[in-house]
Structures are given as C-alpha cells and as structure tokens.
There are 4 protein chains.
Amino acid sequence: MNSRSLGLLRDGGRGNDAAILQAALEAFGAKGFHGASMRDIARGAGTSLSNLYNYFPSKSDVLAELLRMANDELLARITEAVNAAGEEPPDRLSAAVRAHVAFVVDHQIASLVALTEVRYLAGVARTNVVAARDSTQSIYEKIVAAGAASGQFRTPYPDDAARNIVSMCSAISTWYRPGGRLSKRELGEQHARYALALLEAELPG
Amino acid sequence: MNSRSLGLLRDGGRGNDAAILQAALEAFGAKGFHGASMRDIARGAGTSLSNLYNYFPSKSDVLAELLRMANDELLARITEAVNAAGEEPPDRLSAAVRAHVAFVVDHQIASLVALTEVRYLAGVARTNVVAARDSTQSIYEKIVAAGAASGQFRTPYPDDAARNIVSMCSAISTWYRPGGRLSKRELGEQHARYALALLEAELPG
Amino acid sequence: MNSRSLGLLRDGGRGNDAAILQAALEAFGAKGFHGASMRDIARGAGTSLSNLYNYFPSKSDVLAELLRMANDELLARITEAVNAAGEEPPDRLSAAVRAHVAFVVDHQIASLVALTEVRYLAGVARTNVVAARDSTQSIYEKIVAAGAASGQFRTPYPDDAARNIVSMCSAISTWYRPGGRLSKRELGEQHARYALALLEAELPG
Amino acid sequence: MNSRSLGLLRDGGRGNDAAILQAALEAFGAKGFHGASMRDIARGAGTSLSNLYNYFPSKSDVLAELLRMANDELLARITEAVNAAGEEPPDRLSAAVRAHVAFVVDHQIASLVALTEVRYLAGVARTNVVAARDSTQSIYEKIVAAGAASGQFRTPYPDDAARNIVSMCSAISTWYRPGGRLSKRELGEQHARYALALLEAELPG
DNA sequence: AATGAATGAGATTTCATTCAT
DNA sequence: GATGAATGAAATCTCATTCAT
C-alpha cells in the first residue's frame, strides 16, 4: 500500500477491493491503462489473476471505479473548501485552488491516472466520469463569473479562464514528486496566486 | 491525409514514410500507443503490415520519430518567433505563446500525442524527446527570468511560471476542435494575455 | 420451473435436487453441455455456485442424472403402454409410438438433451444411459420381429426399421414447440401411422 | 486427411484452408463445437494456434464455413439427382433419398456436425445455414406434394412426411460406421423403400 | 445445506515481429 | 520496397472445482 493513496481508497473500498484498486492505480500510473495487464494488477494485489474477476467484471470496470473515486473525492474537497471560504470570489477561488492542489499532491498517481486514462473509458462509465469532471470545472466557472461581474476579476477573457486554472492544477500530477522544493501548502499558495493573477485580480504586495 | 498535419510530415518524411507516420499519428491519437496496433497503422497507411518494418524497425521507433518531428517543429517555430520579436521580454513572451498556440492548433493530434505518449518511449528516444521539450521550456524560462530581472514581470514566483505557461498551451491539444468559438489567432491572443497576466506584467486596457 | 418437465423431476428428485436439475436441463437445452456453465445452472436454480457441489460431485454427474431420469421414464412409459396393448404387433407398435411421442412432447427439452448430449458422458454413466436407450429400442425390435414373423409387417428390411422409428420419434424434440398445428394426441396418431406404413403393415382407410 | 471428407473440402478449400477445415471437422465431430478448442484444431491442422486467425476470424466462422460447404454440397447432390430422375414422384423421391444417403455416408462426420452443431451458429451464419437446410427439405416437400396430388402417395399426412424422411436420412450420420453390414448402395435402396412405404406409395414385391 | 473467496488450467483472440519470396 | 504466411508470447476473461466457515 502506498500511503499517498490510502485516504482515497479507504473511502471507496469495501474490504478486499482496496488492495486490487491500489495495485491497479499503481499499474495504470506506471504503464498506462493498456500497458498494464490484469496480471500486473493481480501480482501487485497479491492475489491470483482469476480472483480479480470476483471483484470487478472487467479491466475497464477497475479503471472506472478508480476514476469515479478520484473525481468524487476531488469534487467533495473543492466543494467543501469553497463553501467554507465566505462570499468573496477571490477568497473562494483561492480556496478552490488550494484544495485542488492539495488533492493532487495527496493523490498524485490517482490524479495522473484520472487526467490521462479517462479516454480509455467507454459508455456510461465515461459519461459519469466526464460529468464529475465537468461539475468540478463548473465550480470554478461560477466563481470566475461572479468575480467578473463584480469587477474583481478584470480579465477580458473570463469565459475560458476556468479551464486554464484547472489545467494548471491538474498538470501538477505530471511532474510532482514528494519532497520537492515546495511544500504542499506552498504549492497551493503559489498556484492560488497564479490563478488570481491570470484572472487579473487585485493582488497583495 | 489530414491537412492539419501535412506540414509536419512533409518536413520530416523521406517519401513513403509520410503515409505511415500520418496513419500512426491518427492511430496513436485515437487509441494511445498501446491501444493502437501495427495493424491499425498499416490499415490506415494503406499498406501491408510487414511493409511497415521496411520503414521503421519497431513500433516504438514510429512513435519516436513522430515525437521528434513534432518537438523539433515546435521548437523551431517558437525560436523563430521569439527571435523576430525584439528585445522586450513581454513582446518575446507574447510571440512565444502565439507561436506555441498556433502550432498546437495546426498540429493538434501531434501535440496531443506528444503530450500524452512520451511516457511510452524508452532509452535514447526518450532522452532526445525530453531534451527537445526541455529546450522549449527553457526558452520560456529565459524570457521570464529576463522580465523578472527587468521588473516587467512582477510575479513572486518567476521560477515555476514557465512550466505553467507551457502547460496551458499544451492543454489546448486536449480540448481544441477546429471550428470552435475562437479562431487560431484569437486563441493565441487570449493565451498571450493569460500568460502575461500570470506573470503579473503591465497589461494594456 | 417448467411444467413440461415437472413430472420427470418430481419422480427422480430427492428434494432440492429438482431445482438444480431443472436449471441444468434448461441450461443444457439452451447452450449444450459444454456451452452451459455451472454458474448458469446455479443462477437458474437460485442457489450459489458452490452449493451445487453439495448435490452433485461434478457437472458430468448432473448430466448423467438428467439422462438417467429421462431414459428411465421413457422406458417405463413405453413398457407400460406396450403391456396394456394386447398381443397384436400392430397394436403394440402403435401403443409404443404413441407413448413415445407423448413423452417427447411432455418432456421436450429433456428429450432433446438426451438425444444430443449423451456423447459428453463417459465411463459408467455413459454405459448406463446407452443401455437404457438400447432397452427402449429393443422393445421396438421385438415387436417388429414378431410382426415380421406373423406376416403383418411386410417390409423387406425389418432389421433396421426399429432404429428409424425411434429416430422419427426422437427428432420431434428438435422442432416441436407447444401450441403447434397438431395436438399431442394427433402427433402420436400421425407418427403411429408413419411407423406402421414404414413397416408395410395393413393400414385402415 | 480423412478420405471420407476429401471431396467436400477439395470443393470449397482455397488452398491452406483445407487442412484447417479438415482438422476442425474432426475436432467438432469428436468433441462438439464447444468441446473442441482452437488448439485442438491447430494441432490437427499441423499449424500454430495464432495462424488459424490468418484464415478465419473466429472459431464460429470456422464452423460456419464447414456447415455452408456441407449443406451446399448436399443440396447440389440432391438437386442433381432429382433432376436426372424423370417426372414421376416416386422416382424423384427415390433418387433424392439415394443421393441423400450417399452424401451422409461419403461425408459422415460433416453430416453429423451439420446436424448437431448448427445451434451454435448465430446471426447471418445461422440464417444462411438454416436457409440451405430449408431448401433441401423443400425439395422433398414438393415431391411429396406432387405425389399426393397424383394419388401415388396415399398417406393421410403428406404435409409432415418430408421432415420425417429427412430425419431418417440425417440420423444415419449418428450411427453409421464404414464397413457396416450394408453397403452405401444398399443403405440407399433401403431408405428409399422406407421413404416410399412411409408415404404409402405402391411398392414392388 | 449453504456460502463467498479463491485458484490453476485453459479458453479465444490479438500482438509485435520475422522470414521467404 | 512490398507481400502473405507464420509464430511465440501474452492479453482478457471463463471454467470447474475446492475449501474454510
């Protein structure tokens, strides 16, 4: 078990699934969905290949469950942070970005997999995951729209700004390694400032 | 052949390679490196499976060649644009971003593949591609450093800003569809402004 | 439970076996012995996979029991009918065919499975089933021989006729659907006439 | 190669398919469609497992091709025999049965597989095979109808007689072994007589 | 009796690659 | 250059069966 993912899996795992999902996460993170085999996952989970199918009907379902959990948790964290942040759009935006960055740092592999492997989902699973992702982005969009309306965000391009902020936060999962130059908190502060600057908000200092 | 990719492939192809590379590009773009098969590529290129091996020694080499060409072209375009932009860091940065966005729009699939499939390269091929990518990012870093030194970019975090600007530009490849709301030029303007704002530069208007 | 099979299973089942055997019958009928899985049977019987093994030591044993029951019942019905039919070979033959047809109609799926899946039995189970089948055919053969000896059946090929009569009756299981053009009784009359005609017996009308 | 099947496969095989089809025929005949594995077929054909897929896209397609060939050949033989038999229904019926029996004897395994494994086909393949089978039966039905109309067949049940005649001929594949008591020709004569008797035709002798 | 978890063997199919022509 | 045939390895998934509870 990888401590960086523990919380995510404790939430969603209903017992033995956890080991499988954790192994799948690591396999998909290291080799991608198609590059990782069910054998890899079984090996990582310390069980037999065929036993995987007592828990998940297919490899795709494993990925789907993983992404569902990751997106749900991200959405929950951002929602909670924004709700606790008061009414001012800049405060709300900062809170969202800080929560977002913290999630990516806490669940780096899950974030990476969610970013890069959605495309291999099909059908309902894909629809659901995309919907959850859209919900997250829509939180940003509402904050940006409010700040644009109030004149606190002066960017001439408020409509597309949210997408770029999400991109910046998600991209952290592609390069972040624990023990880097900046702490989780510092990374959050930094990206909150980048986001506010991008929106052309009034900045301290 | 897809006109969006023509330039890229005409530059690098030594004749018949072009059809194979173009087919590989589409296959990797649609299904990912491991999801696309050599058979897919052969079918797309209108040739036989075994004939592919007269042009490329392995599937990995096809990907390597594709990424080499894409990164070289991107690097060339940005270098040229920056050199033509005069001495002022804000001008140079705008030029870089505009060229970058134009490249992503012109070669969307290649940009996407370059973004998402590098991880499946190994050995020298990977080293080379990563080096080219680093060269590109380093152009941004130098401009940012110059602007920070001159006081034109007032962000307290100049060291990590370049990476975020590159992320924003690259991310366009993940959602852009031709015929969207903004033209290629508008998209370039928009992202140039986002970049300058993020750097906390003086902005017009 | 399928009413067409109830009698068959009530006779042989020692309680809970019935549901399993009935489910197996339907599964084997629909997908064949190798095409149907123990999981299919468990699902159909409304029990767990592993519980099947409390009733039958193996999948083959399920089939063996099914065929044993079907052949025993057929043999019993024909024997009884023939015994009640008096001494005249034509009467005895008609009675056998009518009973045979009635059995096939009453237990269509069981008849079909008995016809097509015997080949997947091995060892004693196969031997027993084949013996029961031979007993049935031998009843026909004795009647035919008696009628040939008495001059009532004038076919020049009495020795192989019984097999063909059995074939005709068995084949009903491959096409019969309840609610067809002819009733069970009419089907029996029809086939009795076909059989007597084939034997070149004197026919009414 | 099994000489009993040579003709059938020489007709339809376009080169290397023949060995695969012959091996498949023997495997399906011995173990049934689901009981025989692609490995069995590869072994029988003296090639590798994966090479099978250069000839047939799936196991089902192998079966489909086999049944198509068998039914086409049977239909062709019966058609030809009937056409050569003149106008009299009894003559035409005898010719059909003799040709039918000869085919079953010549291609016993193919006949058996065609009889017992059609059910494992699906989609168009099944539709086509069933159509070919219906064509064959319809030849018998037309002859029977003509003979009934002319008064030469006096059975009160002409409508269902054809099916029973076909059943009798097909059933030969389930028990016939070369070198049996009766020669191919004798078996044909015998079954022609059975068929005419069943139809209550005027019989010699 | 009944169950859920587990497993080794094996199923079909696809893969990247090679080779003779 | 180009092809068709071939192959070993590996992919996903299913199977009948066992075992601890």
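For the numbers below, each heavy atom of this structure counts, side chains included, while hydrogens, waters and symmetry mates do not. Chain A is the first sequence line, chain B the second, and so forth, proteins listed ahead of strands; every chain is numbered from 1.
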| Pick the nucleotide of DNA chain F nearest each of S37(A) and S37(C); which residue has the one closer to the 5' end? |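 In this pair, the answer is S37(A).
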| field | 5′-ward residue of the pair S58(A)/F33(C) relative to DNA chain F | value |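 The 5'-side residue here is S58(A).
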| Donor-acceptor side-chain pairing of D61(B) and S58(B) below 3.5 angstrom |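 There is such a pair between these side chains.
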| Taking the side chain of Y53(D) as its heavy atoms from C-beta onward, which of dA16(E), dT3(E), dT14(E) lies nearest to it? |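 Nearest to the side chain of Y53(D) among the choices is dT14(E).
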| request: Between dT12(E), dT7(E), dG4(E), spot the one nearest the side chain of S50(C), thanks. | output: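 When the side chain of S50(C) is considered, dG4(E) is the closest of dT12(E), dT7(E), dG4(E).
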Expressed in angstrom and rounded to an integer, what is the separation of [X] atom [atom1] from [N] atom [atom2]?
X: K59(C); N: dA9(E); atom1: NZ; atom2: P; result: 19 Å
X: L49(D); N: dT12(E); atom1: CG; atom2: P; result: 8 Å
X: N51(D); N: dT14(E); atom1: CG; atom2: C1'; result: 14 Å
X: R43(B); N: dC15(E); atom1: CZ; atom2: C1'; result: 13 Å
X: I41(D); N: dT13(E); atom1: CD1; atom2: C1'; result: 13 Å
X: R39(C); N: dT7(E); atom1: CZ; atom2: P; result: 14 Å

If I take atom [atom1] from residue [X] and atom [atom2] from residue [Y], how far apart are they, to the nearest 0.5 angstrom?
X: E26(B); Y: D40(B); atom1: CD; atom2: CG; value: 11.5 Å
X: R68(C); Y: E73(C); atom1: CZ; atom2: CD; value: 11.0 Å
X: Q108(C); Y: T174(C); atom1: CD; atom2: OG1; value: 8.5 Å

| said: Between E117(C) and K31(C), does any side-chain N to carboxylate O distance fall below 4.0 Å? | reply: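 A salt bridge is absent here (no side-chain N lies under 4.0 Å from a carboxylate O).
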| request: Report the stems of DNA chain F as range-with-range entries sorted by first number; a stem here is at least three consecutive pairs, Watson-Crick or G-U wobble, both distances under 3.5 Å, and write none if there are none. | output: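 Paired runs of 3+ in DNA chain F: E:2-21 with F:2-21.
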| Nearest-nucleotide 5' precedence on DNA chain E, M38(D) against M38(B) |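 Going by which nucleotide is closer to the 5' end, it is M38(D).
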| task | Report the residue (P57(B) or D40(B)) whose heavy-atom-nearest nucleotide on DNA chain E is the more 5′ of the two. | result |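 The residue mapped nearer the 5' terminus is D40(B).
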| When we call it a touch if two heavy atoms are under 4.0 Å apart, what does A36(A) touch: a base, just sugar-phosphate, or nothing? |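 If one applies the 4.0 Å heavy-atom cut-off, A36(A) turns out to touch the sugar-phosphate alone, with no base involved.
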| query | Across the strands shown, which category fits L52(A) at heavy-atom distances under 4.0 angstrom: base, sugar-phosphate, nothing? | reply |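 Counting heavy atoms under 4.0 Å across all strands, no contact is made by L52(A).
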| Can you name the residues that form a salt bridge (Lys or Arg N to Asp or Glu O under 4.0 Å) with R39(B), not counting sequence neighbours? |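 Salt bridge (Lys or Arg N to Asp or Glu O under 4.0 Å) list for R39(B), sorted by chain: empty.
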| query | Does the side chain of T47(A) get closer than 4.0 angstrom to OP1 or OP2 of dT7(E) through an N or O atom? | reply |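 For dT7(E), OP1/OP2 do have a side-chain N/O of T47(A) under 4.0 Å.
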| N51(A) side-chain N/O to T47(A) backbone N/O, donor-acceptor pair under 3.5 Å |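 Pair absent, no side-chain N/O of N51(A) close to backbone of T47(A).
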| message | What I'd like to find out is whether the side chain of Y53(A) reaches to under 4.5 Å of the side chain of M38(A), using heavy atoms alone. | response |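 Sidechains of M38(A) and Y53(A): in contact.
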| query | Does any non-hydrogen side-chain atom of L52(B) lie less than 4.5 Å from one of F56(B)? | reply |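 F56(B) vs L52(B): side chains apart.
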| Contact interval (first through last nucleotide) of DNA chain F with protein chain B, 4.0 Å heavy-atom |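 Contact span on the strand: dG1(F) to dG4(F).
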| said: I need the minimum non-hydrogen distance between F28(B) and K59(B), along with the two atoms involved. | reply: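 Result for this residue pair: CE2-CE, 4.1 Å.
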